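Notes to accompany the following structure.
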There are 2 protein chains.
Amino acid sequence: MRLSHAIQDYLKTIYALGVEGRPVSTTAIARRLGIAPASVTGMLQRMASMSPPLIHYRKRRGVTLTEEGERIALETLRHHRLLETYLVVNLGYSWDAVHEEACRLEHVISEDFERRIAEALGNPERDPHGDPIPTPDLTMPQSDSCPLASLQPPQRAVVRRVCNEEPPFLRHIARLGLKPGVRLEVLERSAFDHNLRLRLEGHEDELILGPAVTERIYVEVIS
Amino acid sequence: MRLSHAIQDYLKTIYALGVEGRPVSTTAIARRLGIAPASVTGMLQRMASMSPPLIHYRKRRGVTLTEEGERIALETLRHHRLLETYLVVNLGYSWDAVHEEACRLEHVISEDFERRIAEALGNPERDPHGDPIPTPDLTMPQSDSCPLASLQPPQRAVVRRVCNEEPPFLRHIARLGLKPGVRLEVLERSAFDHNLRLRLEGHEDELILGPAVTERIYVEVIS
DNA sequence: ATCTTAATTTAGGATATACTAAATACGTGT
DNA sequence: ACACGTATTTAGTATATCCTAAATTAAGAT
Ligand SMILES: [Mn+2]
Ligand SMILES: [Mn+2]
Ligand SMILES: [Mn+2]
Ligand SMILES: [Mn+2]
């Protein structure tokens, strides 16, 4: 039974919002998808009463994914992230332009297409934004990165992941040189405004970043 | 105004069935799309009353494309054929497996995606089946090929185009060595059953093909 | 002219997915 | 216990796309 684009996007959204198995609220889903809350309620009720059910739904308590729902969320997410990677690596897209394209393509490619691009890319583990790509058997690789915002001087770290898909944000930090794989050293953390002063490896000049940026960038601390 | 997948497929179908501007019947569209005739009537009425209208619709007389309808048909067809070519050339698909995949992807790729794969392929003029690919400004390249069935011995010709998308048919003729670009010589045409005996360039043994095959293969006669 | 049949359209419905407006429940502070 | 504001659900619609069954039209045969 092939599921609709709409349902696949709901599942992806619930997966993304449901950290640590906490239930996800109707409103949160509505905001993320740009849909009226009432419409989301309707869709959640339908998804909960399919067989097999895709979500556990408790009125006014929010939803969590069933095993089946999570499987499809991961399947769709694997499509999405492989596509983003393919668009950047093989078709020369810039990393701020791939999200929209992948979000349309993810719903229509076959399993064969998925296999072929994965292979062409050498079975990558992360997409251009550093997001982990679910494995072919649909488990999500765990990564132990933390927000750049949580670092203290004089810690050193590698940028792992950028958790914000908005093209202007991505263009901004790319211009600064902040991309997955880049090493950096925290020089100072200012009180109250929590700005970070830091230097990227290979760059002379220093950077000062506010929390609006540092909370969206995940890094791995270098021992 | 973005048109739906369904409408794009209707337009492609009307384009394909409407040789020389002859009106296309409801039934023909229904058969080709695997949809009930009544549903087709409904859709045709809607398409005729959009602004701008996509088709000219005369009750019980069949439909023809308007300029706008033809534009979209060619746009979709360009997507389809570029995708088929890309799948074969860059992702290693076999030519009998690309149609279905392209028929889903054609509706969701952006103009940017279209440009990029066209460029990656060197702006090809034909797809893997030899079908001409509409140019970027949406004109259909004219080709002067004729059915293999119309040849007489001892004419020689180059295979140009295979006008049948069914995978078993494509696998069959590929196994025989009949692909676009292959040269051949007609040795004999038998009366009544219209079988053709012929030899492919580079092959030792001869082939005997019935009209079910030779009417679907288009060739260009070598002077 | 009328009959028969095939093609087509109309009528009535179903499903998926959205919307707005109105009703209801929940949680919090009094 | 209660009232208020927010989150959520219900009710009632709308649109797109399909379906089946019944009605209508056109075209050829008698
Ligand atoms: Mn999507
Ligand atoms: Mn990503
Ligand atoms: Mn299609
Ligand atoms: Mn083709």
Side-chain angles (χ1 to χ4, degrees), chain A residues 1-14 17-18 22-65 68-69 72-73 76 103-104 106-108, chain B residues 1-14 17-18 22-65 68-69 72-73 76 103-104 106-108:
Chain A
M1 156 246 331
R2 176 139 232 180
L3 293 168
S4 69
H5 303 190
I7 286 179
Q8 291 178 9
D9 278 345
Y10 273 87
L11 290 172
K12 261 194 350 180
T13 300
I14 295 166
L17 295 175
R22 248 200 313 257
V24 178
S25 75
T26 303
T27 322
I29 298 168
R31 244 197 321 269
R32 184 68 103 86
L33 290 175
I35 285 173
S39 310
V40 173
T41 297
M43 181 61 113
L44 294 180
Q45 288 169 346
R46 214 147 19 95
M47 289 166 68
S49 61
M50 298 176 75
S51 53
L54 303 175
I55 54 176
H56 300 293
Y57 172 59
R58 295 174 58 205
K59 251 193 199 181
R60 299 185 153 83
R61 294 317 200 70
V63 296
T64 55
L65 295 175
E68 176 69 0
I72 294 158
T76 310
C103 200
R104 276 178 280 109
E106 64 191 357
H107 310 292
V108 305
Chain B
M1 152 247 331
R2 179 139 230 178
L3 292 167
S4 70
H5 302 192
I7 286 180
Q8 290 179 9
D9 278 345
Y10 273 88
L11 290 172
K12 262 193 350 179
T13 301
I14 294 167
L17 294 175
R22 248 200 312 257
V24 179
S25 75
T26 303
T27 322
I29 298 169
R31 241 198 321 268
R32 184 68 103 86
L33 289 176
I35 286 174
S39 309
V40 173
T41 298
M43 180 62 112
L44 294 179
Q45 288 169 345
R46 213 145 21 92
M47 289 167 68
S49 61
M50 299 176 77
S51 53
L54 303 175
I55 54 176
H56 299 294
Y57 172 59
R58 296 175 58 206
K59 250 194 197 179
R60 300 186 151 84
R61 292 317 197 73
V63 296
T64 54
L65 295 176
E68 176 69 1
I72 295 159
T76 310
C103 200
R104 277 177 279 109
E106 65 191 357
H107 309 292
V108 304

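Keep in mind the model is a prediction, meaning the values are calculated, not measured. Letters go in sequence order (proteins before strands), and every chain restarts at 1.
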Between A:Lys12 and A:Cys103, which heavy-atom pair has the shortest distance, and what is it? NZ-SG, 3.8 Å
Partners passing salt bridge (Lys or Arg N to Asp or Glu O under 4.0 Å) against A:Arg104 (at least two apart in sequence or in another chain): A:Glu101
Within this structure, what is the NE2-to-P distance between B:His5 and D:dT15, rounded to whole angstrom? 20 Å
How many whole angstroms separate atom CG of A:Asp9 from atom C1' of C:dT17? 13 Å
Could you work out, with side-chain contact (heavy atoms from CB on, under 4.5 Å) as the rule, every residue matching A:Thr41, not counting sequence neighbours? A:Thr26, A:Gln45, A:Tyr57
Exercise: identify the closest heavy-atom pair between B:Leu33 and B:Asp9: CD2-O, 4.2 Å
Can you measure B:Leu33 atom CG to D:dT17 atom P for me and round it to whole angstrom units? 13 Å
Without decimals, in angstroms, what is the distance between B:Arg58 CZ and D:dA26 C1'? 14 Å
Distance below 4.0 Å between A:Ser25 side-chain N/O and D:dA7 OP1 or OP2: no
Nearest whole angstrom, please: distance from the C1' of C:dA16 to the NE2 of A:His107. 15 Å
Using whole Å, what does the distance between atom C1' of nucleotide C:dT17 and atom CD of A:Gln8 come to? 15 Å
Mind checking what makes side-chain contact (heavy atoms from CB on, under 4.5 Å) contact with A:Arg61, not counting sequence neighbours? A:Arg58
Could I get the full list of ring-ring contact (aromatic ring centres under 6.0 Å, His included) partners for B:His5, not counting sequence neighbours? B:His107
Short side-chain N/O contact to C:dT9 OP1/OP2 from B:Thr26, under 4.0 Å: yes
Using a 4.0 Å heavy-atom cut-off, write out nucleotides 18-27 of chain C from 5' to 3' as B (base contacted by protein), S (sugar-phosphate only) or - (no contact). SBBB--BSS-
By side-chain contact (heavy atoms from CB on, under 4.5 Å), which residues pair with B:Ala28, not counting sequence neighbours? B:Leu17, B:Val24, B:Ser25, B:Arg31
Classify the nucleic acid contact of A:Thr41 as base, sugar-phosphate or nothing, counting any heavy atom under 4.0 Å across all strands shown. base
B:Leu44 has an atom CG; how far is it from atom C1' of C:dA7, in whole Å? 14 Å
Taking CD1 from B:Ile29 and P from D:dC18, how many angstroms apart are they, rounded to a whole number? 12 Å
